[in-house]
Protein chains: 2
Amino acid sequence: MHEDEPRWLTDGEQQIWRTYLQATMLLDDHLDRQLQRDAKLPHLYYALLVQLGEAPRRRLRMTELARQAKITRSRLSHAIARLEKNGWVRREDCPSDKRGQNAILTERGAEVLAEAAPGHVAAVRQALFDRLTPEQQKSLGEIMKIVAEGLQPCEAGADLPWLR
Amino acid sequence: MHEDEPRWLTDGEQQIWRTYLQATMLLDDHLDRQLQRDAKLPHLYYALLVQLGEAPRRRLRMTELARQAKITRSRLSHAIARLEKNGWVRREDCPSDKRGQNAILTERGAEVLAEAAPGHVAAVRQALFDRLTPEQQKSLGEIMKIVAEGLQPCEAGADLPWLR
DNA sequence: CACTTATACTTGAAACTTCAAGCACTACCT
DNA sequence: AGGTAGTGCTTGAAGTTTCAAGTATAAGTG
C-alpha cells in the first residue's frame with residue numbers, strides 16, 4: 001500500500017480557498033456579533049427560531065430540525081435547552097412516537113424573532129447581496145448547491161451530523 | 001425616528017442564502033471531522049500551523065497571525081496555548097517590542113503538518129474543487145473576495161476580530 | 001413472543017470560543 | 001520627565017460545541 005504524491009492545490013486554487021475561508025469566517029463573525037448585540041442570540045440559535053417559525057404549527061421534531069440546520073442532535077438538544085430556559089421555545093412529547101420530541105416556537109419566541117429579523121436581514125444584504133451582481137448571486141447559489149448536495153449523499157452510511 | 005419596512009430577501013435570495021449557510025456548515029463540519037480524525041486537530045488549529053509554516057523563519061507575531069486567520073487575539077492565545085502544550089508550536093518574546101510575542105512552528109509541528117496536509121487537501125478537492133467547473137471556481141474566488149474585502153474596510157474603527 | 005438491533009433524544013464532561021478584565025509596555029503630549 | 005492614552009497579549013469565567021455514554025422506545029428476526 002503506497003501513497004502517491006498528493007495533488008496539491010495550484011496557486012490559483014489556494015488563493016480561492018483562502019479567500020473562501022476568510023470570507024466565511026468574517027461573515028459568520030459579523031452576523032454572530034450583530035445578533036448577539038441586538039437579540040442576545042448567536043446566529044445558529046436565531047436560525048433555529050426561523051426554522052421553527054416557518055414550520056407548520058410552529059413545531060418540528062428534533063431530528064428534523066437538526067437535519068434542516070445541518071447540526072448534530074446533541075448540539076440541538078443543548079441549544080433548545082437554552083432557548084427553552086429563555087422562554088423562546090418549549091418542548092412537547094411527540095404523540096405518535098414516544099421517543100420523539102417536538103420543539104415549538106412560543107409567542108415570546110416569535111416576538112424576539114420579529115424584532116431581530118429586520119436588523120439581521122439588513123446585515124445579510126449589506127454584507128452579501130448588495131455587493132454582488134445578479135449573475136454573481138445566481139452563480140453563488142449554484143456553487144453552494146453543488147457543495148451542499150455533494151456533502152450529503154443519499155446513500156446509507158454517510159457521516160451526516162444529524163445522524164451521529 | 002421611524003423604522004421603514006425592511007427590504008426582506010426575495011424568495012430567490014432566501015434560497016441562495018440558505019444554501020450558502022448549509023454548504024458552509026457542512027463543509028466546515030466535514031473538514032473539522034477529517035482533521036480531528038486524522039490529525040487530532042480542529043480545522044482552525046491546522047490553519048494556524050499552515051500560516052506559521054509559510055511565514056519567514058516559521059514565526060509570526062500574535063496579532064499578525066490573528067489578522068491572517070481572521071480571529072480574535074483571545075481565541076488565538078488559547079489556541080496557541082494548546083498547540084504549545086502539544087509541542088507543535090513554541091513562543092518567543094519579540095526582540096523589538098517587549099509586549100510582543102512570536103508564535104513559532106516547531107519541528108514536531110512541521111511534521112504533523114506534513115502528515116496531515118495530503119488528507120486535508122484531498123478532502124478540500126473532493127468536496128469543492130473537483131465538483132466545480134473552472135468558471136465556477138473563478139466566480140467563487142471573485143465573490144468571496146468581494147465579501148471578504150467588504151467586511152474588513154480600511155477605515156479606523158472597524159469591528160475586526162483581531163482588533164478586539 | 002423473546003431477543004436483538006436500530007432509532008430518538010438527552011446528559012455530563014472535555015474542548016473550544018467569547019467576553020470582560022487585567023498587566024506590561026509603547027507612543028503621545030505638554 | 002511625567003502623565004495619559006493606546007497597543008499587545010493573556011487570563012478566568014461563562015457560553016457553546018463535541019464526544020462518549022446512557023435511557024427509552026420502536027422495529028426486525030427467529
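None of these values were measured; they are calculated from a predicted model. All values below were derived from every heavy atom in this structure, side-chain atoms included, with hydrogens, water molecules and symmetry-related copies excluded. Every chain is numbered from 1, with letters handed out A, B, ... down the list of sequences.
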Report the distance from atom [atom1] of [X] to atom [atom2] of [N], rounded to the nearest whole Å.
| X | N | atom1 | atom2 | value |
| --- | --- | --- | --- | --- |
| A:R91 | C:dC9 | CZ | P | 10 Å |
| B:I80 | D:dT11 | CD1 | P | 13 Å |
| A:L163 | C:dC9 | CG | C1' | 13 Å |
| A:L31 | C:dT18 | CG | P | 14 Å |
| B:R73 | C:dA21 | CZ | P | 17 Å |
| B:L48 | C:dT17 | CG | P | 9 Å |
| B:E84 | D:dC9 | CD | C1' | 13 Å |
| B:L60 | D:dC9 | CG | P | 10 Å |

Legend entry - Sole candidate of A:L48, A:L83, A:I104 that passes side chain to side chain contact (heavy atoms under 4.5 Å, CB included) when paired with A:V89: A:L83
Inset, instruction - Going 5' to 3' through nucleotides 13-22 of chain D, assign each nucleotide B (protein heavy atom under 4.0 Å from a base atom), S (under 4.0 Å only from sugar-phosphate atoms) or - (no protein heavy atom that close). - result: B--SBBB---
Inset, instruction - Among the candidates C:dA8, C:dT26, D:dT11, find the nucleotide nearest to the side-chain atoms of A:D97. - result: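 From the listed options, C:dA8 comes nearest.
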Inset, instruction - Can you check whether any acceptor in the base of D:dT7 is under 3.5 Å from a donor in the side chain of B:R99, or vice versa? - result: yes
Salt-bridge criterion met for [X] and [Y] (N-O under 4.0 Å):
| X | Y | result |
| --- | --- | --- |
| A:R125 | B:E13 | yes |
| A:E107 | A:R90 | no |
| B:R7 | A:D130 | yes |

Legend entry - Distance-only polar pair, side chains of B:Q22 and B:R18, donor-acceptor under 3.5 Å: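 Side chains of B:Q22 and B:R18: no pair found under 3.5 Å.
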Legend entry - Under 3.5 Å: donor-acceptor pair, side chain of B:D32, backbone of B:P42: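 No, because the side chain of B:D32 does not come within donor-acceptor range (under 3.5 Å) of the backbone of B:P42.
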Inset, instruction - Could you pick out which residue, B:L76 or A:R61, lies toward the 5' side of DNA chain C when each is mapped onto its nearest nucleotide? - result: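 On the 5' side of the pair lies A:R61.
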Inset, instruction - Quick one: do B:R59 and B:E64 satisfy salt bridge (charged side-chain N to carboxylate O under 4.0 Å, His left out)? Show the steps, please. - result: CA-CA 10 Å; B:R59 72 197 61 198; B:E64 176 57 20; over 6 Å; no
